[in-house]
Number of protein chains: 2
Amino acid sequence: MARDPQPGRDDDGRDGARTPQHPAPAHSAREIAAAWERERPGTPVSSIGIVTPIWQLAKLFGDDRRRVLARAGVDTATLDLLSVLRRSGPPYALSTRELGHRSLVTAGAVSQRVARAEQEGLVTREATGGRPRTVLVTLTPAGHDLVEATVDQVLHREAGLVAGLTPEQQTRLTELLHVLLTDVQHRMGDDRLSQVGGE
Amino acid sequence: MARDPQPGRDDDGRDGARTPQHPAPAHSAREIAAAWERERPGTPVSSIGIVTPIWQLAKLFGDDRRRVLARAGVDTATLDLLSVLRRSGPPYALSTRELGHRSLVTAGAVSQRVARAEQEGLVTREATGGRPRTVLVTLTPAGHDLVEATVDQVLHREAGLVAGLTPEQQTRLTELLHVLLTDVQHRMGDDRLSQVGGE
DNA sequence: AGGTCTAAATTTAGCCCTAAACGGATCTGA
DNA sequence: TCAGATCCGTTTAGGGCTAAATTTAGACCT
């Protein structure tokens, strides 16, 4: 969720963003937590300061990346697939199972991504007689070229977006995010924890 | 259309494992950056330590929230809409424009969200003869009840997910995320910056 | 060997979103 | 007064994803 507190007084009203359609504002985690406290005293707001900005940043980064890649005629899901293969090094081939693990998407999503990329000649798919049934996805020269032509653009752009933080802040943020991510992955592993926990 | 939490599925008593399909692993930002360096020396990897974990955390939190809410028969987009209205306080009404701003989605998405929620009797929509053409969306008692019945579950669950960080770490992370978010929003405002800049 | 079990990939149904085209009403200026 | 510029909201086209059903081919057992 992402939202804000008060309808009335505000500060924006300036400039008209050029970006496609959507607006920019979106209110801060601080304001959202305050609004819950005001409307529903006792609401457990402690996680909002972390979860909300993470969600908002992911949305902003994701939308931005999609727009940058649209110019190159690729979509983010395809570039993600190709990048994973490219990064894995020669022979640039992985099983669909491995692809799902590394991209955090379901097997069905991998199947569809690969089918689209194969259609465009960016990867090939071959059934190796693995144990139960392993399918190996391999990067084609065209796929390799596409990664080379776009990945620096994306990373360079994103480096610019986080450049507002000092090197020390970037380091500290990276560390904290790493700790949180590791811990969250661990907790999700043992789900059935409190899952919903009721009141 | 209102959907029930967990339909029929009763034939098989045994279950317990909850996680639907997808795996857990996913490589860390550190490994990803190292892989790019190894495969393509010179790749601008400086942003990976920040952007990648943010993206992964948003995915994990989002998937988790969707599963928690599915039990209550709601989807995340609808709860987001209802929450924004609920938090705005009496009379629990906002324009579609304002809704888009606060949820970071396009006008088209707002239109669809409201249409679905209206269909389920969670909000009402009325054209006020505002300036150019303003549509006011108002929370119904049913919508209000749904928020009350679910929002604590979600927030409580998420508080548990970030509980692995010490209070000091949580505070520091909240601060850094806030700074980064503010800065990124500012930079996105003056787009046309380097946009693609690449070579 | 033959029958079942199981793991992996694919297919299907349904949802949500963005971008762009559209529809309508207000305001502006000649 | 009327054309045109604007500004909003809605609609449409198409993409991507999850969850669940389905298919497929080794593995295991008797």
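Labels below follow one simple rule: chain letters A, B, ... track the order of the sequence lines, proteins then strands, and each chain is numbered from 1. Worth knowing before you read on, the calculation uses all heavy atoms, side chains too, and leaves out hydrogens, waters and symmetry mates.
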_N-O pairing of A/Arg116 and A/Glu120 below 4.0 Å_ =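 Salt bridge between A/Arg116 and A/Glu120, a charged N being under 4.0 Å from a carboxylate O: no.
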*So, B/Arg157 and B/Asp64, do they make that salt bridge, N to O below 4.0 Å?*
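Answer for the salt bridge query: yes.
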Nearest whole Å is fine: how far is [N] [atom2] from [X] [atom1]?
{"X": "A/Leu136", "N": "C/dA9", "atom1": "CG", "atom2": "P", "value": "10 Å"}
{"X": "A/Leu60", "N": "C/dT18", "atom1": "CG", "atom2": "C1'", "value": "15 Å"}
{"X": "A/Leu69", "N": "C/dT18", "atom1": "CG", "atom2": "C1'", "value": "15 Å"}
{"X": "A/Leu104", "N": "D/dT18", "atom1": "CG", "atom2": "P", "value": "9 Å"}
{"X": "B/Asp80", "N": "C/dC15", "atom1": "CG", "atom2": "C1'", "value": "15 Å"}
{"X": "B/Glu98", "N": "D/dG9", "atom1": "CD", "atom2": "P", "value": "10 Å"}
{"X": "A/Glu118", "N": "C/dT10", "atom1": "CD", "atom2": "C1'", "value": "13 Å"}
{"X": "A/Asp63", "N": "C/dC17", "atom1": "CG", "atom2": "P", "value": "12 Å"}

*asked:* For a quick check of understanding: with a heavy-atom distance under 4.0 Å over all strands, which category does B/Thr96 fall into, base, sugar-phosphate or nothing?
replied: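 B/Thr96: backbone/sugar contact only, no base atoms under 4.0 Å.
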*Base, sugar-phosphate, or nothing: which does A/Ala77 touch, judged by heavy atoms less than 4.0 Å apart?*
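Sugar-phosphate: the residue A/Ala77, judged by heavy atoms under 4.0 Å, touches backbone atoms but no base.
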Does [N] have its OP1 or OP2 closer than 4.0 Å to a side-chain nitrogen or oxygen of [X]?
{"X": "A/Arg97", "N": "C/dT10", "value": "no"}
{"X": "B/Lys59", "N": "D/dT18", "value": "yes"}
{"X": "B/Arg125", "N": "D/dG9", "value": "no"}
{"X": "B/Arg67", "N": "D/dT18", "value": "no"}
{"X": "B/Arg116", "N": "C/dG14", "value": "no"}

Of all the nucleotides listed ([options]), which has the minimum atom distance to the side chain of [X]?
{"X": "B/Arg113", "options": "C/dC17, C/dT10, D/dG9", "result": "C/dC17"}
{"X": "A/Ser111", "options": "C/dT10, D/dT18, D/dG9", "result": "C/dT10"}
{"X": "B/Asp75", "options": "D/dG16, C/dC16, C/dT18", "result": "C/dC16"}

_Option from A/Leu81, A/Val74, A/Leu82 for which side chain to side chain contact (heavy atoms under 4.5 Å, CB included) with A/Val147 holds_ =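 The option that passes is A/Leu82.
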_A/Thr78 vs B/Ser95, nearer the 5' end of DNA chain D by closest nucleotide_ =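 Its nearest nucleotide lies further toward 5', so the answer is B/Ser95.
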_Of A/Gln112 and A/Arg66, the one whose closest DNA chain C nucleotide lies more 5'_ =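 Between the two, 5'-proximity favours A/Gln112.
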*asked:* Pairing donors with acceptors under 3.5 angstrom, does anything connect the side chains of A/Arg86 and A/His144?
replied: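 Looking only at side-chain atoms, A/His144 and A/Arg86 do form a donor-acceptor pair, the distance falling under 3.5 Å.
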*Any side-chain heavy-atom pair from B/Asp75 and B/Arg66 closer than 4.5 angstrom?*
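B/Asp75 vs B/Arg66: side chains apart.
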